[in-house]
**Q** 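One structure is given below, represented as structure tokens, and several questions about it will come after.
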Protein chains: 2
Amino acid sequence: MSVQSHPGRPTLEDVAAKAGVSRATASRVLNSSPRVSPEAQEAVTAAVTALGYQPNQAARALVTRRTGAVAVVFSEPEPKIFADPHFAWLIRAAARSLADADVQMVLLLVHSPEDMARARRFLAGGHVDGALVFAPHKGDQLPAAARKLPLPVVYAGRPWGPLRGLHLVDHDNEGGGVLATEHLIALGRKRIGSVTGPLDEHSAVDRLAGWRAATGASDEDVALLTEDGGFSREGGKRAMAALLARVPDLDAVFVASDLMADGALEALRAAGRRVPEDVAVVGFDDHPAIAPHTTPPLTTVRQDTGDQVKHMVTHLLRLLREEPVRARREVLPTALVTRGSA
Amino acid sequence: MSVQSHPGRPTLEDVAAKAGVSRATASRVLNSSPRVSPEAQEAVTAAVTALGYQPNQAARALVTRRTGAVAVVFSEPEPKIFADPHFAWLIRAAARSLADADVQMVLLLVHSPEDMARARRFLAGGHVDGALVFAPHKGDQLPAAARKLPLPVVYAGRPWGPLRGLHLVDHDNEGGGVLATEHLIALGRKRIGSVTGPLDEHSAVDRLAGWRAATGASDEDVALLTEDGGFSREGGKRAMAALLARVPDLDAVFVASDLMADGALEALRAAGRRVPEDVAVVGFDDHPAIAPHTTPPLTTVRQDTGDQVKHMVTHLLRLLREEPVRARREVLPTALVTRGSA
DNA sequence: GGCGGCCGTGAAAGCGCTCTCACCAGGGGC
DNA sequence: GCCCCTGGTGAGAGCGCTTTCACGGCCGCC
């Protein structure tokens, strides 16, 4: 004989009745409030399992003003999201970190102005408690729009525009660039070029800055020795070919992403240059699906993307709980991983 | 002077007050109920914009018993989700289709038994109105678990286990396999092999069945002329190499995915075979990031993944609205796309 | 002119939960 | 012996919305 007199999912009322306590006490047990007697605790727990009770999220959200969901927003032109395995990686890392924290992940992919409007509406609509935003490109409207929202946001990397008040988790891209380039210098290389990412992304700018700091390159050097590879495999190939044509005596290159480095290696093969004998190559990312599998295996700068996302999630959860955060901006270290290419 | 006397987001009450109507009428306008006078309509709309009103989802969900969210579940071993661009494509297609329908997408990635338990709990928890499930592997517990839930679910492709009562959108994989193989036969090829996907996926089994139907292969032929490439680039390369070693006079091969075909082409190059002169190759997927860019460009069987996901979403939404669905199972057509490889 | 019907509207119930507040024991301090 | 405090509990308000129900006014019909 069931305590429920009505159909459908059991409510807290049903649980309370079955446990012989009030709804308030049942609620206290569910939210593990300290002031509940062991007996009540046990009775309620038993009733919950017996009834297969699941709290109604909507009702809970209505009173707590918490949805238990977080948006993960990628603002990136369409093709990128397919071609670059980095994104799959980021999405997966976010899914895992958020699942571990028992918050649900609502994925927003922003490709067009309409998508932007929709995302803005969505974020303003109170569907989520906070957001993780990946919007690296210069001119992206999202960060500006997001900061008007009364919604905690943590950025991946440094977005463009004023940083004041923003929370972000970045990697030490410049430091990584220095690491890569100094490694090449230590190998005795003299003509060191760089295939850069698109310079409308801070990460690309910073990695280039690292190369420049280590080489002490002049403006003319930069124009001569660097080429934008757009963070794509094809772009890396094209940029490498261009660099070789312009600087035939190039003996090393710092390529600002593993995906581009894979393309660059192809271009070097096509040009008949041996790696690392003729040209040493250092990548960036230490992407597990790329760096160990290139020919030769790629020496690269390791950045732990999973770790970055984990930090972002931790940071956001702290903001949601209104706990003090150590710093608004976290910068994670990078490290050199030596393999065959340099 | 604001009508609101309290801080925070405006409520429907505020809108109603500002528009000079009751909360009920304001609600009717928001839900575009037919029986509202034009004046009331206008007044409410004006008040909404003036106040920047956004309905509280939780409150709405509480009474309508609708969350406005749908889960998208991928049950797939971990490495796959990185390496295969197909997934990024699926995720993007789902994001777009769901966004168009104004429902939010909650992404669930299931890699481990713990993930499974969590996903099950989540789906049972009433967080979402329905689910799109991608769980192609034999032995996956998810479909069995999901069918116990009082939750509309639409599957991508044919899951294993009893199909009774399941809603799914599949591609005509067998028909595609026939198409590919008959094309090779029409080219006059005599020794036609196949690199298959993992045979714990129905799509792989069906594509192989298509090849078999077209070639009329015996069981011994199957053992000799086919090799599992695991739907990965590396696997395709390895399987192709094995096939070449076993059947030196092979003059054509149907490779059951573009990613594997890319690997197979590499293996053929390494073995010094010309494509299509010595060995003709037909892939499967017509993946836009792969098929047009292989060397030579890949002749392949087109399946429109975006379309599949769109059908899944439409089907699910129909289920959610409790509208009649034409059929529980939809099978989308495939078509041959001729490029350079065959 | 009277009446039924329909249209637009508002009052109010209630969705399932959390949390404040009040209450009641019981124990310890004076 | 009285009071205060503390730990456990329950009654009930209220979160913001949808939706039922009842009501008043207007039209058209006989």
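Below, read A as the first sequence line, B as the second, and so on, with proteins coming before strands; counting in each chain starts at 1.
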**Q** Need the bend value for the helix from dG1(C)-dC30(D) to dC30(C)-dG1(D): angle between end axes, 5 pairs each end, nearest 10°.
**A**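 One end axis against the other gives 50°.
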
**Q** Classify the nucleic acid contact of Thr25(B) as base, sugar-phosphate or nothing, counting any heavy atom under 4.0 Å across all strands shown.
**A**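 Sugar-phosphate contact only - Thr25(B) comes under 4.0 Å of backbone atoms but never of a base.
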
**Q** Shoot me the first and last contacting nucleotide of DNA chain D against chain A, ordered 5' to 3', at under 4.0 angstrom to non-hydrogen atoms.
**A**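 The contact span of chain A on DNA chain D goes from dG7(D) to dG16(D).
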
**Q** Please output the side-chain donor-acceptor pairs of residues 153-166 of chain B that fall under 3.5 Å, not counting sequence neighbours, one pair per line with the distance.
**A**
unit_1    : atom_1 : unit_2    : atom_2 : d
Arg158(B) : NH2    : Asp206(B) : OD1    : 3.0
Arg158(B) : NH2    : Asp206(B) : OD2    : 2.4
Trp160(B) : NE1    : Pro136(B) : O      : 3.1
Trp160(B) : NE1    : Asp200(B) : O      : 2.7

**Q** Mark yes when over 12 heavy atoms from residues, nucleotides or ligands other than Glu330(B) sit less than 6.0 Å from its CD; otherwise mark no.
**A**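 Yes, CD of Glu330(B) has more than 12 neighbouring heavy atoms, counting only those of other groups under 6.0 Å.
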
**Q** Using a 4.0 Å heavy-atom cut-off across all strands, classify Ala61(B) as base, sugar-phosphate, or nothing.
**A**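 No contact.
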
**Q** Without decimals, in angstroms, what is the distance between Asn56(A) CG and dG16(C) C1'?
**A**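 Spelled out: CG on Asn56(A) to C1' on dG16(C) is 6 Å.
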
**Q** Below 3.5 Å, can you tabulate the donor-acceptor pairs from side chains in residues 99-106 of chain B to any protein atom, sequence neighbours excluded?
**A**
unit_1    : atom_1 : unit_2    : atom_2 : d
Gln104(B) : NE2    : His127(A) : ND1    : 3.1

**Q** Counting only side-chain nitrogens and oxygens, does Ser37(B) get under 4.0 Å of the OP1 or OP2 atom of dT9(C)?
**A**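 For dT9(C), OP1 or OP2 has a side-chain N or O of Ser37(B) closer than 4.0 Å.
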
**Q** Does Arg35(A) reach a base, just sugar-phosphate, or nothing at all? Heavy atoms under 4.0 Å.
**A**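 Base contact.
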
**Q** Is Arg96(B) salt-bridged to Asp115(A), cutoff N-O under 4.0 Å?
**A**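 Asp115(A) and Arg96(B): salt-bridged.
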
**Q** If you compare all heavy atoms of Ala93(A) against all heavy atoms of Gly306(A), which two are closest, and at what distance to 0.1 Å?
**A**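 Scanning both residues completely, I find the closest heavy atoms to be CB-CA, 4.0 Å.
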
**Q** Please give, in whole Å, the distance from dC17(C) C1' to Gln57(B) CD?
**A**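 Distance check: Gln57(B) CD to dC17(C) C1' gives 18 Å.
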
**Q** What donor-acceptor contacts under 3.5 angstrom involve side-chain atoms of residues 33-47 of chain A, with partners at least two apart or in another chain?
**A**
unit_1   : atom_1 : unit_2   : atom_2 : d
Ser37(A) : OG     : Ala40(A) : N      : 3.3
Thr45(A) : OG1    : Gln41(A) : O      : 2.6

**Q** Reckon Ala40(A) touches a base, only the sugar-phosphate, or nothing at all at heavy-atom distances under 4.0 Å?
**A**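 Contact class for Ala40(A): sugar-phosphate only.
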
**Q** Kindly give the atom pairs (protein nitrogen or oxygen, nucleotide nitrogen or oxygen) under 3.5 Å for nucleotides 11-14 of chain C.
**A**
unit_1  : atom_1 : unit_2   : atom_2 : d
dA13(C) : N6     : Arg23(B) : NH2    : 3.1

**Q** Between C1' on dT18(C) and CG on Asn31(A), what's the gap in Å once rounded to a whole number?
**A**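 My rounded result for the distance is 7 Å.
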
